[in-house]
**Student:** 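After the structure tokens below, expect a handful of questions from me.
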Amino acid sequence: MPQQKDIVKIAIQMPGAYPQLIQLDQKKPLSAVIKEICDGWNLPGPENYALQYADGVQTYITESNRLDIKNGCILRLTKAPGRCAEDLFKGIQSSDSGVRCDSLKELASVSTDVTFAQEFISRDGHLLLVKIVEDSHESAMIMMHTLTAFMELMDHGIVSWENLSTIFIKKIASFVNGKSSDAAIQQVSLDILESMVLSSYSLFLQVKNEVTMERLIAHLQVTNQLIQTKAMALLMALLQTAGDSDREEMFEFLNKKNLRQYIYKNIIHSSGQVQDEMAHYLYVLQSVTLNHLEPRMRMALDSYNQEQRDILHRLRQAAFETEPENNLSHERRRSLCAKEFKKLGFSNNSNPGQDLVRTPPGLLALDTMFYFATRYPDAYSRFVLENSSREDKHECPFARSSIQLTLILCEILRIGEPPSETGSNYHPIFFSQDRLLDEMFCVCIQLLNKTWKEMRATQEDFDKVMQVVREQITRTLASKPTSLELFKNKVNALNYSEILKLRQTERLHQEETLAPPVLELKERLKPELLELIRQQRLNRLCQGTMFRQISSRRRQDKLWYCRLSPNHKMLHYGDMEEDTDIPPIETLQKKIPVADIKGLLTGKDCPHMKENKGKQTKEVLDLAFSITYDVEDSLNFIAPSRTDFCLWTDGLSVLLGREMSSDSMRSELEILLSMEIKLRLLDLENVQIPDTAPAVPKPPSNYNFCYDFSQTEQ
């Protein structure tokens, strides 16, 4: 007798027949189960049949995935993947173009299943698709289905991209380069080329030689947002895969074409809101471009490098009007230089190059200082001379401040960090401004001097000043300024007193400064408000969230949706397509009983983070969580945002009977407590509160008192 835990109660459907309700024994071979089902409908040849899910993603049931079947699942008896592959293999070779088109359309649909893909590829079906593309005798519709089916088959990683012929690559590139190509064909062709580029450097070189950068930029100028996004994806793949010399050449070309300014004007500024996938590519472009500065950031100053030493002395000479040094003795000249380097703010005034040995920021600090001195010489001289004339204890050291500020900007702009797989936090200012780091430095070094004076700082306060400046920059960038001028205005308006006010406001939500009776009231209110937050979290889980499953094989991530059942007893989840509505709970075919959930893991403790240890950025780690069930099974998540992470981890904690612990929960609890206490402490003595709402008064006889907003203010 099979044990109860090995039995799954399911329904089996077949067109034209009454459903069968069976108890599936997970210990019995799948072939025996299919034979019994076929016998129930008097069907001969059970080897020609297979089971697949009836709802959602219609995956074939195999010995390797059969344990995913849960009680209540609805399966369908259908053609075995081998038989289906054979039929489609013959169909796409038919002499009837209608049969070929229908077969290729069905192939594009079923190729998403890995079991079918293995069967079709084992018959060299993918080579047949390659030949159709190389011959190019088919209609646009047939070609579109062919390319889509090919992309789905290759996405499983069964066949290497490097086995493709040069003729095939040239043909795919021609679809992208052609001005009159069908839009749907161009989209999938851009997809295919992106996967080629990401798969190997040799394919990168072939694609780079075949696809012109002019055409990629032209694709960014079309109104079709899908083509814009796919073109941006291919461009990012080329930049990320390129070697240093190729990347340098591509950057030079893109700068000549003013790509960033075009993106700012036609994608960011005109659309107002950028779609998630495009936002990711903008983030990647920003990251790859800024990482172009990484070699300078990692390189320490070489005291024997004459060019670097000359720049240091030009910084000194630009700040101080000195007598001609050629007439001075060696000792006198050395003494004068040391004195002026000290006024310039170097710690090691006899050998200022030692201040630039630390990496990061390395030579980037020298670059930013020299840019400021040559681009804005008046502001540079004013900074240095103003501080060199102060009392020693209140002077702001230019060089020391510049080195630390450059490091702060590198950290804020994440220079040197590889782009995250899920990142989308780009700065609009990057696309509207050339030499962003240098220009931001010029604004922020003057801000630093202003903040230093506002804080009446001394050398002992250096770290405190730098902390305030970091906060001023991060808070300003968080408001997404779209131009350098806007950034400059906002960051200067956020002076030291404003920072103190913001800190004080935030501290009021954290510190307990209430009188004992109020604290007692607060404790009495907490359980009720915590219950309110718990219900909100569970309601949010019932609404569900779309998650991304990161794929290492291609840029496009798989999307899936997860939501809690209304009775809070089952987690439903399943794959979904982008730009689709919230899927009904019935279409999410996979389920996990809440009672089976054993634990909740977050961050680096998650199984999917351990598998890619060392490859995930802190941003991804902070959004990762997993639930464990059964013995070794887990469902792994990467939240779309920190807010979703807090909502889901809180909600799952409630389901597990644990305390909520997210920062979001604590913040919301403090807000609710503050509001409730203020209401309770209102002076309502002798104030009659009506039992019903007061009547709405009659409308006024005229509206002459209203302000006419249509009139432009002078």
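Along the sequence shown, residues carry numbers from 1. When reading the values below, keep in mind they use all heavy atoms of this one structure, side chains included, and skip hydrogens, waters and symmetry mates.
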**Student:** Apply ring-ring contact (aromatic ring centres under 6.0 Å, His included) to residues H313 and F341 and explain how you reach the verdict.
**Tutor:** CA-CA 9 Å; H313 283 287; F341 276 126; 5.4 Å; yes
**Student:** Side chains of L356 and L363: closer than 4.5 Å at any heavy-atom pair?
**Tutor:**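 A side-chain contact under 4.5 Å is absent here.
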**Student:** Out of D663, I638, T602, which one pairs with F645 under the side-chain contact (heavy atoms from CB on, under 4.5 Å) rule?
**Tutor:** T602
**Student:** Quick check: do T212 and L216 have side-chain heavy atoms less than 4.5 Å from each other?
**Tutor:** no
**Student:** With rounding to the nearest 0.5 Å, note down the distance linking CE in M369 to CD1 in I311.
**Tutor:** 10.0 Å
**Student:** Just to verify, which of L366, V384, D310 counts as forming a side-chain contact (heavy atoms from CB on, under 4.5 Å) with L315?
**Tutor:**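 Between L315 and the candidates, side-chain contact (heavy atoms from CB on, under 4.5 Å) is satisfied uniquely by L366.
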**Student:** Just checking, is any N or O donor in the side chain of S483 or Q433 under 3.5 Å from an acceptor N or O on the other one?
**Tutor:**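 No - no donor-acceptor pair under 3.5 Å links their side chains.
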**Student:** Hey, what do you get for CZ (F251) to CG (N255), rounding to the nearest 0.5 Å?
**Tutor:** 8.0 Å
**Student:** Just jot down the salt bridge (Lys or Arg N to Asp or Glu O under 4.0 Å) partners of D378, sequence neighbours excluded, or say none.
**Tutor:** none
**Student:** Do K480 and N425 have side-chain N/O donor and acceptor atoms under 3.5 Å apart?
**Tutor:** yes
**Student:** How long is the straight-line distance from CZ of R642 back to CG of L623, given to the nearest 0.5 Å?
**Tutor:**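 Rounded to the nearest 0.5 Å, the CG-CZ separation comes to 7.0 Å.
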**Student:** I'd like to know if the side chain of S641 pairs up with that of D644 as donor and acceptor (distance under 3.5 Å, no hydrogens or angles considered).
**Tutor:**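 Per modelled atom types, S641 and D644 side chains form a pair under 3.5 Å.
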**Student:** Hey, what do you get for CE (M196) to CG (L203), rounding to the nearest 0.5 Å?
**Tutor:**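 Going from CE on M196 over to CG on L203, the span is 6.5 Å.
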**Student:** Determine, using ring centers only, whether Y380 and F398 are less than 6.0 Å apart.
**Tutor:**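 Between F398 and Y380, the centre distance is under 6.0 Å.
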**Student:** Check whether the side chains of Q446 and Y376 place a donor and an acceptor atom closer than 3.5 Å, and report yes or no.
**Tutor:**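 No donor-acceptor contact under 3.5 Å links the two side chains.
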**Student:** Between T368 and T406, is any side-chain donor less than 3.5 angstrom from a side-chain acceptor?
**Tutor:**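 There is such a pair between these side chains.
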**Student:** Can you find a heavy atom in the side chain of L285 that is under 4.5 Å from one in the side chain of I263?
**Tutor:** yes
**Student:** Do E248 and H292 meet the criterion of a side-chain donor-acceptor pair at a distance under 3.5 Å?
**Tutor:** yes
**Student:** Report yes if the side chains of P361 and I403 come closer than 4.5 Å at any heavy-atom pair, otherwise no.
**Tutor:** yes
**Student:** Distance check, rounded to the nearest 0.5 Å: S199 atom OG versus E162 atom CD?
**Tutor:**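 Atom-to-atom, S199:OG and E162:CD are 6.0 Å apart.
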**Student:** Distance alone, cut at 3.5 Å: any donor-acceptor contact between the side chains of S202 and S200?
**Tutor:**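 Side chains of S202 and S200: pair found under 3.5 Å.
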**Student:** Walk me through it: do K501 and E498 pass the test salt bridge (charged side-chain N to carboxylate O under 4.0 Å, His left out)?
**Tutor:** CA-CA 5 Å; K501 287 177 186 177; E498 285 296 317; 3.6 Å; yes
**Student:** Check this for me, if you would: do R215 and E210 make a salt bridge, where the nitrogen-to-carboxylate-oxygen distance has to be below 4.0 angstrom?
**Tutor:** no
**Student:** Are N348 and S350 linked by a side-chain donor-acceptor pair shorter than 3.5 Å?
**Tutor:**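 Side chains of N348 and S350: pair found under 3.5 Å.
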**Student:** What salt bridge (charged side-chain N to carboxylate O under 4.0 Å, His left out) pairs are there with at least one residue in residues 466-479, not counting sequence neighbours?
**Tutor:**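 Sorted pair list: E411-R470, E471-R475, E471-R503, R475-E506.
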**Student:** Taking the six-membered ring of F370, is NZ or CZ of R314 closer than 6.0 Å to its centre and within 45° of its axis?
**Tutor:** no
**Student:** Hey, could you give me the CG/CE distance between L259 and M232, rounded to the nearest 0.5 Å?
**Tutor:** 6.0 Å
**Student:** Output every pair passing salt bridge (charged side-chain N to carboxylate O under 4.0 Å, His left out) with a member in residues 426-436, not counting sequence neighbours, ordered by first then second residue.
**Tutor:**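 Non-adjacent pairs meeting salt bridge (charged side-chain N to carboxylate O under 4.0 Å, His left out): R260-D434, R435-D438.
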